Amino acid sequence: KKRSAAFVELRLPKYLAYFERVLVNNPAGAGHMIGKTLSYVDLSMFQLIAGLSYAFPRALAQLEAAHPRLMALHENVSQRPKVAAYLRSKRRIAFNQMGIFRHYPALDA
């Protein structure tokens, strides 16, 4: 519980702010993490935000306003036709208590 509090209060804002700056400073525009087209980095960031919203929904909700480009990236990636089809498919394994992102309500902000 102590480590979770430090993660939510210190590390989560620190790293989300870093990734937000990466988006802002992308010379090709703030629509992608690097370059001007979808990359594995964008997909990875999508998965990170999705996982954090499962594991720490209250903490992430409190940080969303400070990271609008990250939230927009997550939304944009989720709406890409092939990604959206995958998210709706039976192949997708939902977040659960056995994966890397686990939700423990007592550990959320």
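None of these values were measured; they are calculated from a predicted model.
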Would you please test Y15 and R11 for side-chain contact (heavy atoms from CB on, under 4.5 Å) and show each step? CA-CA 6 Å; Y15 288 104; R11 295 178 70 83; 4.1 Å; yes
Between L12 and A59, the two heavy atoms sitting closest are CD2-CB, 4.2 Å
Taking the side chain as everything from C-beta on, heavy atoms only, tell me whether I34 gets closer than 4.5 Å to Y40. no
For a 4.5 angstrom cut-off between non-hydrogen side-chain atoms, does R102 reach F95? no
Is S4 reaching over with its side chain to a backbone N or O of K1, donor-acceptor style, under 3.5 angstrom? no
For R92, does the CZ atom have more than 12 heavy-atom neighbours from other residues, nucleotides or ligands under 6.0 Å away? yes
Pairwise distance CE(M45) to CG(L23) - rounded to 0.5 angstrom: 7.5 Å
Distance col, row N76:CG vs F46:CZ, nearest 0.5 angstrom, shows 11.0 Å
Pair F19, L73 - check side-chain contact (heavy atoms from CB on, under 4.5 Å), show working. CA-CA 11 Å; F19 291 129; L73 175 71; over 6 Å; no
Does the ring center of Y54 lie less than 6.0 Å from the ring center of F101? no
V8 and L107: which non-hydrogen atoms are nearest, and at how many Å? CG2-O, 4.1 Å
With sequence neighbours excluded, residues passing ring-ring contact (aromatic ring centres under 6.0 Å, His included) with F7: F56
Separation of L16 CG from L52 CG (nearest 0.5 Å): 6.5 Å
Hey, could you give me each pair passing side-chain hydrogen bond (donor to acceptor under 3.5 Å, both in side chains) that has a residue in residues 18-35? Not counting sequence neighbours. H32-D42
Do you know the tightest heavy-atom contact between A17 and H67? N-NE2, 3.4 Å
With the 4.5 Å side-chain cut-off for hydrophobic clustering, are I93 and I49 part of the same group? no
In Å, rounded to the nearest 0.5 Å, how long is the span from CG of L38 to NZ of K82? 11.0 Å
Looking only at atom types and distance, does a side-chain atom of R58 sit under 3.5 Å from a main-chain N or O of P105, one as donor and one as acceptor? yes
Interatomic distance, Q97 atom CD to H103 atom NE2 [nearest 0.5 angstrom]: 8.0 Å
Between M71 and L60, is there a side-chain heavy-atom distance shorter than 4.5 Å? yes
Nearest 0.5 Å please: distance from the CG atom of L43 over to the OG atom of S39. 7.0 Å
